[in-house]
2 protein chains.
Amino acid sequence: MEALFKEKKVRVTAFRRTVYEIFEKYKSAISVNFIESELKDFDRITLYRTLKMFKEKGIIHEITFPYKEKKLALCKEDCKDNTETHNHDHIHFHCNQCKEVYCVDIPNFPHLNLTNYQVDKIEIQAMGTCAKCA
Amino acid sequence: MEALFKEKKVRVTAFRRTVYEIFEKYKSAISVNFIESELKDFDRITLYRTLKMFKEKGIIHEITFPYKEKKLALCKEDCKDNTETHNHDHIHFHCNQCKEVYCVDIPNFPHLNLTNYQVDKIEIQAMGTCAKCA
DNA sequence: TATTAAATGCAATAATGTTGCAATACTAAG
DNA sequence: CTTAGTATTGCAACATTATTGCATTTAATA
Ligand SMILES: [Mn+2]
Ligand SMILES: [Mn+2]
Ligand SMILES: [Zn+2]
Ligand SMILES: [Zn+2]
């Protein structure tokens, strides 16, 4: 973490360390609500500011599924970029049973060719059943 | 609209007609905020309830892009289903220039095969530049 | 037209997210 | 080590988005 933060020119503080460690502890993507429940004593504003900064620095990224709660996950090597240019070659998987969301690497990330639209990047969200729940 | 609402067992009211017509008027997906700006005299609660019901009945569907405002669009023939089972064979395209979001039909909707995950359906969100802005 | 179930409008409240600002903590220069 | 300067935090206030309960109004249909 120290190395990553240094690279991103982000100061390591007690609060940021705690939040970062929550992301590390859970392999799946987590919601703001869940993070709050993991923190005992905390200031909500500082949390929002921390998460916003993590996103801007490309430390975490947002994952959205229609009709589902927004989730957050640590960036991988392929997507450590800021909010504007954030891009990744992995998909997001939502399990309908356990409701967990995972970042999943896939061998051949699909390429999309559209007439009338110039495609710069795509996001793929998959839904179904994860291995644990199958 | 009368036929659609009848099929969905939804009463046609003045307010619902107005909201539905806003969706018909704009070909692209629109935000709740935008709908509010199109309505002159309206009750916000009724609007939320109307949109919720439209979603549950499969009259409209949600479109989400990470870091972007949530949008709504009319369902097409292939996706007139409720929130839980909603499924479509079209993708969503977000133009980085004009910020519009479009539902776009594609000839061969990709199929995804994952080890460890049973995929029931996928959502594809594309970003880039639309024809108008190119 | 009368009956009845559904939809609406209003008030209250909850949940989520942001801004300004003073106090505090950290960093780096001298 | 001390100090000046900058970044972070915590608090209060506020903004935005969404939901619930309930009395009133409206629509469907018999
Ligand atoms: Mn991811
Ligand atoms: Mn669509
Ligand atoms: Zn699962
Ligand atoms: Zn455009």
Expressed as a whole number of angstroms, how long is the span from [X]:[atom1] to [N]:[atom2]?
X	N	atom1	atom2	value
A:K70	D:dA18	NZ	C1'	15 Å
B:E56	D:dA18	CD	C1'	14 Å
B:K8	C:dA7	NZ	C1'	20 Å
A:D41	D:dG10	CG	P	9 Å
B:K52	D:dT17	NZ	P	18 Å
A:I45	D:dA12	CD1	P	10 Å
A:R17	C:dA25	CZ	C1'	15 Å
A:L51	C:dT18	CG	C1'	14 Å

For [X], I'd like to know if atom [atom1] has over 12 heavy atoms of other residues, nucleotides or ligands within 6.0 Å.
X	atom1	answer
A:K6	NZ	no
B:E24	CD	yes
A:E2	CD	yes

Any side-chain heavy atom of B:R16 within less than 4.5 Å of one from B:M1? no
Hey, are the side chains of A:I35 and A:L51 touching, using non-hydrogen atoms and a 4.5 Å cut-off?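 Yes, their side chains come closer than 4.5 Å.
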If each of A:T50 and A:R44 is mapped to the nucleotide of DNA chain D with the nearest heavy atom, which maps nearer the 5' terminus, i.e. the 5' end?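 Residue closer to the 5' terminus by nearest nucleotide: A:T50.
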Quick one: CZ on A:F93 to CD1 on A:I106, what's the gap to the nearest 0.5 Å? 12.5 Å
Between protein and nucleotides 23-30 of chain D, what N or O pairs are separated by less than 3.5 Å?
none

B:V119 to A:A126 - nearest heavy-atom pair and separation: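 Closest approach of B:V119 to A:A126: CG1-CB, 4.1 Å.
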Below 4.0 angstrom from OP1 or OP2 of [N], is there any side-chain N or O of [X]?
X	N	result
B:R16	C:dA7	yes
A:N33	C:dT16	yes
A:Y48	C:dT18	no

So if I apply the salt bridge (charged side-chain N to carboxylate O under 4.0 Å, His left out) rule between A:K76 and each of A:D89, A:D105, A:D81, which one comes out positive? A:D105
Just compare C:dG9, D:dG10, D:dT20 and give me whichever is closest to any side-chain atom of B:D43. C:dG9
Report yes or no: is there a donor-acceptor pair, N or O only, under 3.5 Å between the side chain of A:R49 and the base of C:dG17? no
Determine, stepwise, if the pair B:K68 / B:V101 fulfils side chain to side chain contact (heavy atoms under 4.5 Å, CB included). CA-CA 10 Å; B:K68 309 282 181 212; B:V101 170; over 6 Å; no
What bend angle does the helix from C:dT1-D:dA30 to C:dG30-D:dC1 show across its length, from five-pair end axes and to the nearest 10 degrees? 30°
